[in-house]
Amino acid sequence: MNTEHLDEEMRDVFQEIANVAMGRAADLLARLLNNYVVLPIPVVNLLERSELNMALSSLRAVDSVSAVCQGFVGSRISGEALLIFNDTSFQDIAELTEFKGDITPEVELELLMDIANILIGACLKGLAEQLDVSFSQGQPVLLGQHLNLYDLVNNQTGTRKRALTIEIPYRLESRNVDCDLLLLFTEDSLAVLESKVRFMLE
Amino acid sequence: MSSSGESVSEFHWLLEVLQTIDVGMLVVDLNYTVLAWNGFMENHSGISPHNALNQNLFTVFPDIPRHWFEHKVRTVIELKNRAFTTWEQRPYVFRFKNNRPITGTSKFMYQNCTFIPVADMKGEVNSLCIIVYDVSDVAVSKLQLQQANTRLKEFSRKDALTGLFNRGYWEHLLSQEFKRQQRAHQSTSLIMMDIDHFKSVNDTYGHTVGDDVIRMVARVISDTLRGTDVAGRYGGEEYAVILPDTNGEDAVILAERLRVNVEEQVITVGQTSFQVTISLGVASWNTRLESHSDWVNLADQALYKSKDMGRNQVTLA
């Protein structure tokens, strides 16, 4: 794939694949929480590192957030899933999961991990099935508490300048729940992704 | 025959690997009956396979938080989706000892766990595999880093001699308070104070005794103030206090109490003993103040007035 920019056809295909994957994830989330999940429209972009940093820091600037990231790799495709969760959402999530008691930082973490497991797991599974690959998922890492989101992205050195990003904003109907799932694919995964997609199209 | 012999041997060494791998592996059915576990689980728990296999998991490990565990498992089974738990969320699921009993610094093994739905030949999920990773080293070093950072933060904020906030941090807090005042217009006051004739204490009794006096005054300040007041060591023998939600009159009452409490302290050096006094200036916030340094200046002027009037007294600006 031309790694300079994303042509319209490829963008549409990734968009469609992302649609299917996130639809499944939304379905699981709806089942877990017993609440209608507004189906989001994924945004596909090829971002420069600097743009990616900007996108991440703008997310962070809005409000206080918690985040979990999880690496995935398989069939020469690799990347990271990043779930950014607005801290104001915890109260509603706690109600939906019928959690009783005070919402301590430990409880918030528990809720965050529950949502991360579902959204990241289901999205990756949906993507992998469509592309006919299988991914190994690493252990999730909590950002924010021990690591600063912005620093973490800035810290990365190396040759990878661009990343294919799929951003999926999840909202729950009539609930104040707000989280963004970002799937980031490394630059060297792009050629493999493209050939998989071309194969699907034929 | 030979191919079946090969597959038996393959099965055998696969099992051997599972048994020896240095990661915990446990399989339970939907009623939480233990179907399989490997050497890692056996060795760390000290429970023999005979006492674990075909037993209920919660009987084998009574420490497992049952409600939490069942909730996890239910989501994994219903959604056919794997779940991860980290040590940050729950230090361990299975309480095992640290795998380095001599040099390890934590009592127990920190664990990350993965819950994996296991499908049978028909594709139905009716058992669950749990993988247990020992992450004690990572966890301990992260926790230590966190502790060190907290301590560093404290060091950078506190005055080493008195334990009060140092001037830099106190001024930072004052500027925050000033900004809040500009929005909220509460009655908030500031006290600046200074030990009278401190130089002669140093000259007469030496710097060690001088330090004792500085510490004594700091202690009196800490003991006299209320929880919401913010005290700092402003300079050598100067102290400053922010009193939120306190008008000038109340601040003067508190300042007067500080003055008396310091005056009553007796410092003994060898055979002799002496007392010290402090002079204080009080300034309440008002709308004419343009910056937090204006506020400090106002309290300082009141303090100089106390000095001019003969020391050991309180002046309200």
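Just so it is clear: chains get the letters A, B, ... in the order the sequence lines come, proteins before strands, and each one is counted from 1.
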Q. Between B:H71 and A:D114, which heavy-atom pair has the shortest distance, and what is it?
A.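 Scanning both residues completely, I find the closest heavy atoms to be NE2-OD2, 3.3 Å.
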Approximate separation, where rounding is to 0.5 Å, of [X] [atom1] and [Y] [atom2]:
X: A:L112; Y: B:Q89; atom1: CG; atom2: CD; answer: 8.5 Å
X: A:L142; Y: B:W87; atom1: CG; atom2: CH2; answer: 9.0 Å
X: A:M113; Y: B:K72; atom1: CE; atom2: NZ; answer: 7.0 Å
X: A:E110; Y: B:T86; atom1: CD; atom2: OG1; answer: 9.0 Å
X: A:N117; Y: B:L79; atom1: CG; atom2: CG; answer: 10.5 Å

Where on [X] is there a heavy atom nearer than 4.5 Å to chain B: the side chain, the backbone, both, or neither?
X: A:E108; answer: neither
X: A:E106; answer: neither
X: A:I118; answer: both

Q: Identify which part of B:R90 has an atom lying under 4.5 Å from any heavy atom of chain A, answering side chain, backbone, both or neither.
A: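 Side chain of B:R90 only, per the 4.5 Å heavy-atom cut-off to chain A.
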Q: Could you tell me which portion of B:F115 (side chain, backbone, both or neither) has an atom closer than 4.5 angstrom to a non-hydrogen atom of chain A?
A: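 When you check distances to chain A, no heavy atom of B:F115 falls under 4.5 Å.
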Around atom [atom1] of [X], are there more than 12 heavy atoms from other residues, nucleotides or ligands closer than 6.0 Å?
X: A:R76; atom1: CZ; result: no
X: B:R226; atom1: CZ; result: yes
X: A:I41; atom1: CD1; result: no
X: B:D120; atom1: CG; result: yes

Q) Between B:T114 and A:Q139, does a side-chain hydrogen bond (donor to acceptor under 3.5 Å, both in side chains) hold up when you go through it step by step? A) CA-CA 8 Å; B:T114 311; A:Q139 281 287 328; 2.9 Å; yes
